[in-house]
Enquirer: 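Before anything else, here's the structure in question.
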Amino acid sequence: MALKIYNTLTRKKEDFKPLHEGHVGMYVCGPTVYGHSHIGHGKSYVSFDVIVRYLRYSKYTVEYVQNITDVGHLLGDTNEGEDRLLKQSRLEHKHPMEIAEFYTRSYFEDMDALGVVRPDISPRATGHIIEQIEIIKHLMEKGFAYEVNGSVYFDVSKDKEYGKLSGRSTEDAEAGTRVGVKTEKRHPNDFALWKFAEPEHIMRWPSPWGVGFPGWHIECSAMSMKYLGETFDIHGGGMDNQFPHHECEIAQSECATGKPFVRHWIHNNLVTVNGQKMSKSLGNFTLLKDLFKKHDPLVVRFFILQSHYHSTLDFTDEALEGASKGYEKLFNTVRNVRAELKRRNDEELPAGGMTIDIAGFKSQFLEAMNDDFNTPQAMAILFEVAREVNSELAEARLLPNQMKEIDEFFMELGGTILGIFPTQTDVRFGDDGSLEPGLVELIIDLRNEIRKQKLWTLSDQIRDGLQKLGIVLEDKKDTTTWKRA
RNA sequence: GGCGCCGUACCCAAGUGGUAAGGGAGAGGUCUGCAAAACCUUUAUGCGGCGGUUCGAAUCCGUCCGGCGCCUCCA
């Protein structure tokens, strides 16, 4: 079954066909680094991470580029706006580059925790000023841009296709423009490619039009095309960037090269908090670092993937609690299979007798993923398998080779593709190479001797004591398992 | 005003023409020294309301109601 992806450009689910067979060039708009990442970043980059992981699983070679915006762009295309990075640097009394560096590290820290695989290239906007100027020069030469007082603007009226992504005409946009705003632009929809720098503007570069800094949209065109070519396969980003950002990217890129810019546009939907829009201007955003204090980052990842990337996701305590319990249940199964496998690894038993159709479930899972990355559907499959496995496990009916097959199923689909299970040596598996597992197992053995003698008070005392240390014991039919709380 | 999205059980959430996945919570049961975990049963004759197309619609069309997003920085 072929992979289908919803394409914002055509508003249809399409068969995915890369430009060059077996290879995918993918660009996703990265963060502007002037603050810690919030749950919106989490949803966005986890969603695209699964897309990259799945493409790679599907045997594509993926070149994944995600920019770091370290130029603080103006709030709007007029001169009265304020540079966000500069504002933050003033607040923190640090050089803008130090601000950018600090929050870039913070960003990667949070993404690492969420299990997001790092992009192949994380280009910085400030490192590609020359490339940006080159595109602007082309646009000037071709008559798509004009200069006013040291700033350069894209002339929207010259681009007949402007509006094809967002589906809005320039007339529509004009009707919604506030009146009374003074501008040096010829048309309200024209956007800045290069801005003249006032003396107090710290981040500044020389250009053919004087000292200034690049406009907001041009960096993505410059960096994506530099690393992926003038036409590439997938461009992703948040729905809020569909207009004007991506519309402008298309305009300036296609007018500069005369070639189609992007084949598939993928937009992930936004996050709400308790039913309300989360935005910087409303100031109600939840930082990932704060959320991680209450929930395991992998639970957050699980929660995100439990809804489709194209749907809005409402962060409420109740929903997150539910996700946490669900994750615990699923992961318990994975952990128990692993533990049981380890315990009985040496047994030589005849194969066969497997009543769980692992191959069938696997193809159902892949079918869900092929249908525009339907992760909620895919995760439902994992739960169905877990239920059957738990059943068999409780009756001790599984043989080591069968458990191995189940373990591989979970690690491949839940681990490699969805990234919701940690790697095998993770502390969550109680197997991180420390002394602890051996000690706990020794205590369990001793306690089971005590239980044979029916010394319940003492055995409960041991269990409670371990509980306080964060070790949870579970007495099963003929064995006792443990996990970290 | 323009463009667009959504409305599925107490909560979260799949399902785009064939008779309602999955998770959480609740109820009952099994197992168990207890606890925990797990398993089984159960919880929407109905998918915002009303019309229409169809043998058949949560799914398509119309309309109304309700919620939201973009049009200004944001993933």
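Lettering of chains follows the sequences in order, A, B, ..., and the numbering in each one begins at 1. Keep in mind that what you see is a predicted model, and the values were worked out from it rather than measured.
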Enquirer: Any idea how A/F213 and A/H201 line up, ring-wise: parallel (<30°), tilted (30 to 60°), or perpendicular (>60°)?
Expert: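 Parallel: the ring planes of A/F213 and A/H201 meet at under 30°.
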Enquirer: Roughly how many Å is it from CD1 in A/I420 to P in B/G23, rounded to a whole number?
Expert: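 Atom-to-atom, A/I420 to B/G23, this comes out as 13 Å.
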Enquirer: Find the distance A/M239:CE to B/C68:C1' and express it as a whole number of Å.
Expert: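 The answer, rounded to whole Å, is 12 Å.
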Enquirer: Show the numbers, then the answer: is there a side chain to side chain donor-acceptor pair (under 3.5 Å) between A/S166 and A/E247?
Expert: CA-CA 7 Å; A/S166 55; A/E247 194 69 63; 2.6 Å; yes
Enquirer: Would A/F383 count as stacked on B/G22 if the rule is ring centres under 5.5 Å and plane angle under 30°?
Expert: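 Aromatic stack with B/G22 absent for A/F383.
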Enquirer: Measuring only the P atom in each nucleotide, how far is B/U43 from B/C34? A whole number of Å is fine.
Expert: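 My reading of the P atoms in B/U43 and B/C34 gives 30 Å.
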Enquirer: Is B/G46 paired to anything, Watson-Crick or G-U wobble with both distances less than 3.5 Å, and if yes, which nucleotide?
Expert: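 Across any shown strand, B/G46 pairs with none.
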Enquirer: On the nucleotide B/G23, are OP1 or OP2 found under 4.0 Å from the side-chain N or O atoms that A/R387 carries?
Expert: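 Result: no.
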Enquirer: In whole Å, measure the gap between the C1' atoms of B/G22 and B/A36 for me.
Expert: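 To the nearest whole Å, 24 Å.
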Enquirer: Please state how far atom CG in A/L85 lies from atom C1' in B/C74, giving the value in whole angstrom units.
Expert: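 Distance check: A/L85 CG to B/C74 C1' gives 14 Å.
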Enquirer: Let me know the distance between CG of A/L320 and C1' of B/G23, rounded to the nearest Å.
Expert: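 Checked: the CG to C1' distance equals 13 Å.
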Enquirer: With C1' as the reference atom in both, quote the distance from B/G67 to B/G56 in angstrom, rounded to an integer.
Expert: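 Approximately 31 Å lies between the C1' atom of B/G67 and that of B/G56.
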Enquirer: Give none if B/G69 has no partner; otherwise give the nucleotide forming a Watson-Crick or G-U wobble pair with it, both distances under 3.5 Å.
Expert: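 B/G69 is paired with B/C3.
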Enquirer: Say you pick atom C1' in B/U45 and the same atom in B/A58; how far apart are they, in whole Å?
Expert: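 The answer is 13 Å between these two C1' atoms.
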Enquirer: Suppose you measure atom P in B/A57 against the same atom in B/G48; what distance do you get, rounded to whole Å?
Expert: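 Straight-line distance between the two P atoms is 15 Å.
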Enquirer: On RNA chain B, check which nucleotide each of A/W456 and A/Q377 is closest to and give me the residue with the more 5' one.
Expert: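 Mapping each residue to its closest nucleotide by heavy atoms, the 5'-most match is A/Q377.
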Enquirer: What distance, rounded to whole Å, do you find between the two C1' atoms, one in B/C11 and one in B/C50?
Expert: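 Rounded to whole Å, the distance is 28 Å.
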Enquirer: With P as the reference atom in both, quote the distance from B/G4 to B/U8 in angstrom, rounded to an integer.
Expert: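 Per the computed distance, 23 Å lies between those P atoms.
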Enquirer: Heavy atoms only, 4.0 Å cut-off, all strands: where does A/E384 land among base, sugar-phosphate and nothing?
Expert: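 Here A/E384 touches the backbone only, sparing every base.
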Enquirer: For side chain to side chain donor-acceptor pair (under 3.5 Å), just list the numbers for A/T312 and A/N269, CA-CA rounded to whole Å, side-chain angles, deciding distance to a tenth of an Å, and then say yes or no.
Expert: CA-CA 5 Å; A/T312 51; A/N269 215 141; 5.2 Å; no
Enquirer: Using Watson-Crick or G-U wobble geometry with both distances below 3.5 Å, tell me the partner of B/A21, or none.
Expert: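 Check on B/A21: unpaired, no WC or wobble geometry under 3.5 Å.
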Enquirer: What protein N or O atoms touch nucleotides 4-13 of chain B N or O atoms at under 3.5 angstrom, if any, and at what distances?
Expert:
none

Enquirer: May I ask you to say what A/V271 touches in the nucleic acid, namely base, sugar-phosphate or nothing, with a heavy-atom cut-off under 4.0 Å?
Expert: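 Base contact - A/V271 has a heavy atom under 4.0 Å of at least one base atom.
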Enquirer: Quick one: is A/N390 getting a side-chain N or O under 4.0 Å of the B/C39 phosphate, OP1 or OP2?
Expert: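 Affirmative; the distance criterion is met.
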Enquirer: At under 4.0 Å between heavy atoms, what does A/Y45 touch on the DNA or RNA strands: base, sugar-phosphate, or nothing?
Expert: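 Touches sugar-phosphate only.
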Enquirer: Whether A/K4 and A/D371 form a salt bridge (side-chain N of Lys/Arg under 4.0 Å from carboxylate O of Asp/Glu) is what I want to check.
Expert: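 Between A/K4 and A/D371 there is no salt bridge, as every charged N stays at least 4.0 Å from the carboxylate O atoms.
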Enquirer: Just checking A/L270: base, sugar-phosphate only, or nothing, at a heavy-atom cut-off of under 4.0 Å?
Expert: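 If one applies the 4.0 Å heavy-atom cut-off, A/L270 turns out to touch a base.
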Enquirer: Is the A/H267 to A/H246 ring centre distance short of 6.0 Å?
Expert: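 Ring-ring flag for A/H267/A/H246: true, centres closer than 6.0 Å.
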Enquirer: Would you kindly give the OH-to-C1' distance between A/Y327 and B/G24, to the nearest whole Å?
Expert: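 Roughly 17 Å, once rounded to whole Å.
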Enquirer: Using purine N1 to pyrimidine N3 plus N6-O4 or O6-N4 for Watson-Crick, or N1-O2 and O6-N3 for G-U wobble, both under 3.5 Å, which nucleotide pairs with B/G33?
Expert: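 When the pairing criteria are applied, nothing turns out to pair with B/G33, so the answer is none.
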Enquirer: Could you let me know what B/G28 is paired to, Watson-Crick or G-U wobble, both distances under 3.5 Å, or none if it's on its own?
Expert: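 By the stated definition (distances under 3.5 Å), B/C40 pairs with B/G28.
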Enquirer: Rounded to the nearest angstrom, tell me the gap between atom NE2 in A/H38 and atom P in B/C73.
Expert: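 Atom NE2 in A/H38 sits about 15 Å away from atom P in B/C73.
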Enquirer: Produce the list of close N/O pairs, under 3.5 Å, pairing protein atoms with atoms of nucleotides 34-37 of chain B; give distances to one decimal.
Expert:
from, atom 1, to, atom 2, distance (Å)
B/C34, O2, A/R463, NH2, 2.6
B/C34, N3, A/R463, NH1, 2.9
B/C34, N3, A/R463, NH2, 3.4
B/C34, N4, A/D475, OD2, 3.1
B/A35, N6, A/D475, O, 3.1
B/A35, N1, A/D475, N, 3.1
B/A35, N3, A/R463, NH1, 3.0
B/A36, N1, A/D475, O, 3.3

Enquirer: Could you check whether A/D314 and A/T316, counting side-chain N and O atoms only, form a donor-acceptor pair closer than 3.5 Å?
Expert: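 The answer is no; no qualifying pair exists.
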Enquirer: Thinking salt bridges, do A/E198 and A/R204 make one under a 4.0 Å N-O criterion?
Expert: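 Between A/R204 and A/E198 there is no salt bridge, as every charged N stays at least 4.0 Å from the carboxylate O atoms.
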Enquirer: Between A/D296, A/D49, A/D110, which is the residue that forms a salt bridge (Lys or Arg N to Asp or Glu O under 4.0 Å) with A/R301?
Expert: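 Of A/D296, A/D49, A/D110, salt bridge (Lys or Arg N to Asp or Glu O under 4.0 Å) with A/R301 is met by A/D49 alone.
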Enquirer: By the 4.0 Å heavy-atom rule, please label A/G40 as base, sugar-phosphate, or nothing.
Expert: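 Base contact.
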Enquirer: Starting at OH of A/Y34 and ending at C1' of B/A75, how long is that distance when rounded to a whole Å?
Expert: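 After rounding, the gap between these two atoms is 11 Å.
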Enquirer: Taking A/K362 as the fixed residue, which of A/E405, A/E367, A/E384, A/E412 is the one that meets the salt bridge (Lys or Arg N to Asp or Glu O under 4.0 Å) rule?
Expert: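 Single pass found, and it is A/E412.
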Enquirer: In whole angstrom, give the distance that lies between atom CG of A/N374 and atom C1' of B/G23.
Expert: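 Going from CG in A/N374 over to C1' in B/G23 covers 15 Å.
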Enquirer: side-chain contact (heavy atoms from CB on, under 4.5 Å), that's the test. Do A/S122 and A/F108 meet it? Break it down for me.
Expert: CA-CA 11 Å; A/S122 301; A/F108 282 123; 3.6 Å; yes
Enquirer: For atom P, what is the distance between B/C40 and B/G23, given to the nearest Å?
Expert: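 So the two P atoms sit 10 Å from each other.
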Enquirer: Will you find, in the side chains of A/S324 and A/E328, an N or O donor that is under 3.5 Å from an N or O acceptor?
Expert: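 On atom types as modelled, these side chains do not qualify, holding no pair under 3.5 Å.
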Enquirer: Apply side-chain contact (heavy atoms from CB on, under 4.5 Å) to A/E101 and list each qualifying residue two or more places apart in sequence or on a separate chain.
Expert: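 Only A/R105 meet the side-chain contact (heavy atoms from CB on, under 4.5 Å) criterion with A/E101.
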Enquirer: Pick the closest RNA chain B nucleotide for A/E388 and for A/Y309 by heavy atoms, then say which residue is nearer the 5' end.
Expert: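 Looking at the nearest nucleotide for each, A/Y309 comes out on the 5' side.
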